[in-house]
Amino acid sequence: MSVDFLHPGETVAVDKSVPALEMRGIGKRFPGVVALDNVDLTLEPGKIHALMGENGAGKSTLIKIMAGVYGKDAGTISLRGREADIKSPRDSLKEGIKVVFQEIALIAEFSVAENIFLEGYPTGKGGSIDWKKIRADAAALFKRIGFNVDPAARTGSLPVSQQQMVEIARALAHEARVVVMDEPTSSLTPNEVSLLFTVIRRLAALGIAVLYVSHKLDEVFEIADTVTVLRDGRHVSTRPIGQHTNDTLIQDMIGRRIENLFPRKRGAPGSKVALSVEGLSTAKKLKDVSFEAHAGEVLGFFGLMGAGRTELAKAIVGYDPITSGAISVDGCRLLPHETHTGVRLGIGLLTEDRKSEGLMGELPVYQNASLASLGAFARMGFVDKVSERKAVQDYVDRFRIRTPSLFQQVKNLSGGNQQKVLISRWLMRGLKVIVVDEPTRGIDVGAKSEIFALIDRLAGEGLAVVMMTSEMPELLGLADRIAVMCEGRLTAIMPRDEATQENILNAAIG
Amino acid sequence: MSLASTDTMKAGPSMLARLVARQELALLLCLILVIAFFSFTAENFFSVRNITNVLGQASLALTAGIGCAIVFISGEVDISIGSLLATIALPLIIIMNDTNSLVLGISGALLFGLIIGVVNGYLTAYAGINSLIVTLGTMFIMRGGVYLYTGQRAIPDDAALDSFIALSDGRLFNVVPYSAVIAIVLLAVFAYVMQHRPFGRQIYAVGGNPEVARLAGYDVRRVKFTCFIISALLATVAGIILAARVGSAQHTAGLNFEFQVVAATVLGGVSLAGGIGSLTGMALGVLILQFLSNGLRGLGLPTEWQLVITGMIIIAAVAFDEAKRRRAIGG
């Protein structure tokens with residue numbers, strides 16, 4: 001059975017009575033967190049199955065097990081009724097499972113056409129790569145799915161949304177029985193999304209089982225036949241989409257009413273400008289961004305993938321160089337444009353990438369927390385360990401950081417507790433402005449509300465909080481004002497009570 | 001339904017810009033400039049004899065450079081090749097002296113090279129030790145071993161087989177040294193593999209982004225492992241030619257050779273970061289440095305100055321490259 005788009009008109013013989021893929025009792029633990037606990041999932045050939053759940057629900061872990069990226073700790077996987085032993089991505093590909101991951105999985109230096117055939121180069125006489133066929137087949141494939149991009153273009157030179165379409169096209173180039181798409185629309189424009197949906201429906205019509213991973217309700221109602229919901233690593237429900245309403249789906253995903261997630265205790269923000277950014281531009285992304293954030297305010301920045309939120313976060317704390325513009329913290333210019341100036345003036349970044357930019361995983365909790373304020377504990381050039389640990393213990397108590405001891409290696413803490421350690425690091429230092437980038441990425445739902453409460457408390461204590469997020473509920477639940485970015489520009493800034501999902505999304509699309 | 005915005009189709013560089021941006025073309029221009037400059041300034045530079053001599057001298061670095069570049073492209077480094085040159089000369093010369101057989105001598109040398117490649121590759125790819133450390137270690141171990149075994153005296157090639165001596169002074173059609181012919185053939189074979197065989201593309205993919213390569217079903221560790229074996233075997237070939245040239249197994253053979261090769265490879269645009277560069281670029285890098293050193297000697301400049309100038313050229317070339325890359329990203 002070959003898909004295809006390359007060979008139209010071919011009908012696919014599929015035994016529809018046998019599930020294309022069946023996962024039973026899947027379990028997976030990581031240090032400090034149970035990612036999956038006894039999860040079942042059955043994919044029928046020719047059907048579009050949505051997998052839903054909040055960040056941290058276990059969706060990504062489940063598909064990484066399917067793809068052979070992670071091993072499973074418990075459970076079985078069967079393909080077409082036969083138990084399969086998937087130990088590596090190669091095993092998974094051999095079984096005809098094609099996963100389109102959210103992160104771009106293409107070689108930037110290769111041409112688009114070569115990336116399409118990365119999983120298996122067509123070869124001609126004597127095993128030489130048939131480059132002519134690669135270019136022709138890629139061009140034919142693109143034409144058939146209505147994707148207008150030069151197959152000879154260097155992949156790294158394409159915008160993210162087109163790279164994502166290249167990945168989706170790649171899943172179609174080889175024989176596939178199960179196609180998995182992980183949040184495929186996160187960086188696509190509405191036009192591209194409708195094109196994607198056409199492609200997905202055609203895949204299903206060919207008898208391929210499609211697993212569509214998303215947390216966007218409207219998309220799921222539009223495309224899916226069946227929905228499985230995960231929450232906190234557990235299977236919650238699997239039902240035909242017809243049995244669901246918006247409310248029942250949200251109920252299954254969140255497990256409690258959304259208001260409870262965002263307990264607002266702080267008062268109204270002050271009028272004092274804590275952070276002022278004027279005409280900020282960077283070489284790569286940002287174009288003329290200006291805004292102010294007030295003491296005691298949570299200013300939320302929303303944008304689609306590639307809109308420039310992370311770039312803005314890194315630029316305003318002095319981490320990434322800027323080409324023009326002025327940044328002031330409490331009226332003092334951030335000059336020279338370096339992070340140590342930023343820390344001195346009182347602005348710090350809570351990074352979205354805790355592992356590589358935030359934590360030193362091997363070091364104990366207390367050293368991670370005190371990192372930015374070692375000077376305060378220094379006595380004659382030596383760190384006074386006693387007062388250092390006392391100060392950290394203080395934060396551990398205040399924020400209820402769950403750790404067996406101050407000496408626990410921080411990598412063994414759960415995502416939520418790691419995030420609290422990082423917040424402690426900055427608060428110990430005495431900040432005026434804290435920039436938080438995707439504060440709940442990779443954090444269990446249960447711990448999320450604690451992080452929200454913490455952010456609320458930070459603003460309540462008079463900090464200006466600049467929050468970058470791609471989570472609409474987080475944005476609407478926490479922010480006093482909402483700024484929206486698109487392609488490196490600031491396209492809207494509005495008070496919370498004027499913001500709706502529609503006008504935010506419109507501004508995000510540009 | 002059109003997906004791509006039309007401007008991305010136009011945003012690609014023009015044909016001319018793309019050609020100029022091609023590293024190989026810029027390097028070729030440099031090589032022509034170097035040759036032209038010395039042709040006018042240095043005596044006896046632009047003659048068939050001198051140019052084929054330089055090719056012969058370059059053949060060691062060209063041969064070992066293929067392996068060096070392939071390991072770089074896979075995202076690792078191999079600096080053990082200089083010591084390997086001295087090491088494999090021992091089995092080569094000893095076996096030939098005992099058996100009077102070139103084939104047995106070369107087989108012994110290749111077997112030794114293979115073992116070293118397996119050790120480097122296993123420790124890097126499967127044991128997960130940083131390749132710089134691994135090959136630094138094997139570099140010292142091999143050099144120390146050679147010193148110990150030889151008592152720091154050369155072992156002469158007593159067999160003096162004609163076929164072996166031909167490797168050093170024989171010339172194809174009486175013009176091109178055999179060593180250069182060997183290097184050019186190997187270069188052609190591996191350039192073809194790197195561009196036109198799935199295995200070659202796997203090496204680029206593994207060096208370009210190992211995670212993506214793994215997701216595409218490649219055995220990243222096996223690819224890296226194989227690259228170290230290729231590198232060791234090619235260095236063995238270079239070592240055999242060197243032994244023929246000096247007519248003995250020398251304990252100091254190939255001292256600093258690894259750094260000459262690394263310098264030429266980097267000059268040739270092969271990135272230490274992996275996934276970027278070509279064997280053609282590496283070969284041009286080797287030739288530029290070799291002609292430069294030959295020409296400077298022709299001008300009567302002392303060797304010390306050649307070192308200084310080589311160092312400056314390498315830094316300048318990589319800085320230029322970096323600036324170009326940054327502009328490409330920033331623009």
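Hydrogens, waters and symmetry mates are skipped; everything else that's a heavy atom, side chains included, is used. Reminder, nothing fancy here: chain letters follow the sequence lines and each chain counts from 1.
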A.B. asks: Between Gly275(B), Pro198(B), Gly200(B), which shows the greatest number of heavy-atom pairs under 4.5 Å with chain A?
C.D. replies: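 It is Pro198(B).
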
A.B. asks: Under the ring-ring contact (aromatic ring centres under 6.0 Å, His included) rule, collect the residues that match up with Phe259(B), sequence neighbours excluded.
C.D. replies: none

A.B. asks: Quick one: which residues of residues 209-220 of chain B reach chain A at under 4.5 angstrom, heavy atoms only?
C.D. replies: Asn209(B), Val212(B), Arg214(B), Leu215(B), Ala216(B), Gly217(B), Tyr218(B), Asp219(B)

A.B. asks: Where on Tyr192(B) is there a heavy atom nearer than 4.5 Å to chain A: the side chain, the backbone, both, or neither?
C.D. replies: side chain

A.B. asks: Report, as yes or no, whether the 6.0 Å neighbourhood of atom CZ on Arg222(B) holds more than 12 heavy atoms from other residues, nucleotides or ligands.
C.D. replies: no

A.B. asks: Side chain from CB out, backbone as N, CA, C, O: work out which of these in Leu118(A) comes under 4.5 Å of a heavy atom of chain B, or both, or neither.
C.D. replies: both

A.B. asks: Would you find more than 12 non-hydrogen atoms of other residues, nucleotides or ligands less than 6.0 Å from Glu487(A) atom CD?
C.D. replies: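 At most 12 heavy atoms, drawn from other residues, nucleotides or ligands, come within 6.0 Å of this atom.
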
A.B. asks: Check whether more than 12 heavy atoms from other residues, nucleotides or ligands sit under 6.0 Å from atom OH of Tyr122(B), and answer yes or no.
C.D. replies: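 Open.
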
A.B. asks: Using a 6.0 Å cut-off, check whether atom NZ of Lys287(A) has over 12 heavy atoms from anything other than its own residue.
C.D. replies: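 More than 12 within 6.0 Å, yes.
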
A.B. asks: Between Asn115(A), Leu106(A), Val99(A), Thr123(A), which residue shows the highest count of heavy-atom pairs closer than 4.5 Å to chain B?
C.D. replies: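 Going by pairs under 4.5 Å, I would pick Leu106(A).
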
A.B. asks: Is any side-chain heavy atom of Tyr121(A) less than 4.5 Å from a side-chain heavy atom of Arg201(B)?
C.D. replies: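 Contact flag for Tyr121(A)/Arg201(B) side chains = yes.
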
A.B. asks: Side chain, backbone, both or neither: which part of Phe142(A) has a non-hydrogen atom closer than 4.5 Å to chain B?
C.D. replies: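 Contact with chain B is absent: no heavy atom of Phe142(A) under 4.5 Å.
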
